[in-house]
Amino acid sequence: MLKKGSKLYSILTGSCPRCQKESMYLDNNLLHLSKILKMNDHCSHCGLKYQIEPSFFYGAMYVSYGLNVAIGIAAFVVAFVLFNASIGTAFVTIVLSIIVLYPLVMRLSRSIYINMFVSYEEGL
């Protein structure tokens, strides 16, 4: 399921979607918030330019929105349904979940978005 050559591998590892041999990001640590979206200009193995066109990753905002909605729904279900929390507590849980997972969502949304347009090429 998570083997090289699959879109899921590239998305979860943040690797180049074409060759999957190097990370797209300069710093792989999600806790370095000031460097979270700093990317290499291109892949050193296959030469893929990550910023395909100017403002390419603005489209990743739509993916980020969808991921945040999914996180919010999951947090609500866990808090309200499983733990029988009040609506106020469930709301706080949603907000905290989105804030804590922000770095992960930002990286995942960019990885998902670029993988919509670039496919893996075997042998690179």
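Computed from a predicted structure; not experimentally measured.
- Atom-to-atom distance recorded for Cys19:SG and Tyr120:OH is 8.0 Å, nearest 0.5 angstrom.
- To the nearest 0.5 angstrom, Arg18 atom CZ is 12.5 Å from Lys49 atom NZ.
- No side-chain heavy atom of Lys4 sits less than 4.5 Å from a side-chain heavy atom of Ser10.
- The closest donor-acceptor contact from the side chain of Ser6 to the backbone of Tyr9 lies under 3.5 Å.
- Under a hydrophobic-cluster definition in which Ile, Leu, Val, Met, Phe, Trp and Tyr are linked whenever side-chain heavy atoms come within less than 4.5 Å, directly or via other members, Phe80 and Val77 are assigned to the same cluster.
- Here ring pair (Phe, Tyr, Trp, His ring centres under 6.0 Å) pairs that include residues 18-46, with residues two or more places apart or in two chains, number zero.
- Counting heavy atoms from C-beta on, the side chains of Ile52 and Val118 come closer than 4.5 Å.
- In this structure, Val100 is not a member of the same hydrophobic cluster as Leu33, with clusters built from ILVMFWY side-chain heavy atoms closer than 4.5 Å.
- Residues Met39 and Met116 share a hydrophobic cluster, clusters being chains of Ile/Leu/Val/Met/Phe/Trp/Tyr side chains in contact below 4.5 Å.
- Looking at Thr89, its side chain never comes within 3.5 Å of a backbone N or O of Ala85 through a donor-acceptor pair.
- Judged by distance alone, the side chain of Lys35 and the main-chain N or O of Leu26 form no donor-acceptor pair under 3.5 Å.
- Within 6.0 Å of CG in Asn29 there are more than 12 heavy atoms belonging to other residues, nucleotides or ligands.
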Asp27 vs Lys38, side-chain contact (heavy atoms from CB on, under 4.5 Å): CA-CA, chis, key distance, verdict: CA-CA 7 Å; Asp27 188 358; Lys38 304 269 188 211; over 6 Å; no

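- Within the 4.5 Å cutoff, the side chain of Val105 has heavy atoms near those of the Asn68 side chain.
- With hydrogens and angles ignored, the 3.5 Å screen pairs a side-chain donor or acceptor of Gln20 with a backbone N or O of Gly5.
- Side-chain contact between Phe57 and Ile114 is present, with at least one heavy-atom pair separated by less than 4.5 Å.
- Following chains of ILVMFWY side-chain contacts shorter than 4.5 Å, one can reach Leu12 starting from Met24, so the two form part of one hydrophobic cluster.
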Verdict with reasoning, Phe76 to Ile87, per side-chain contact (heavy atoms from CB on, under 4.5 Å): CA-CA 9 Å; Phe76 177 79; Ile87 291 290; 4.3 Å; yes

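- Ring centroids of Phe117 and Tyr113 are separated by less than 6.0 Å, placing the two rings close together.
- Side-chain contact between Arg107 and Ile36: present, with at least one pair of heavy atoms (C-beta onward) separated by less than 4.5 Å.
- To the nearest 0.5 angstrom, Ser111 atom OG is 9.5 Å from Leu104 atom CG.
- Linking Ile, Leu, Val, Met, Phe, Trp and Tyr whenever their side-chain heavy atoms come within less than 4.5 Å leaves Tyr62 and Ile98 in two separate clusters.
- Residues Cys16 and Leu48 share a closest heavy-atom pair of SG-CD2, 3.9 Å.
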Derivation and outcome, side-chain contact (heavy atoms from CB on, under 4.5 Å), residues Leu108 and Val63: CA-CA 9 Å; Leu108 278 178; Val63 177; over 6 Å; no

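- Distance alone, capped at 3.5 Å, places no donor-acceptor pair between the Ser64 side chain and the Ala60 backbone.
- When only modelled atom types and interatomic distance are considered, Glu22 and Ser15 share no side-chain donor-acceptor pair under 3.5 Å.
- Around the OH atom of Tyr50, the shell of radius 6.0 Å holds more than 12 heavy atoms that belong to other residues, nucleotides or ligands.
- Other members of the cluster containing Leu31 do not exist, because no ILVMFWY side chain is joined to it at under 4.5 Å.
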Derivation of the side-chain contact (heavy atoms from CB on, under 4.5 Å) call for Ser119 and Lys7: CA-CA 8 Å; Ser119 296; Lys7 295 258 184 207; 3.7 Å; yes

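- When all heavy atoms of Ser109 and Met106 are compared, the pair lying nearest together is OG-O, 2.9 Å.
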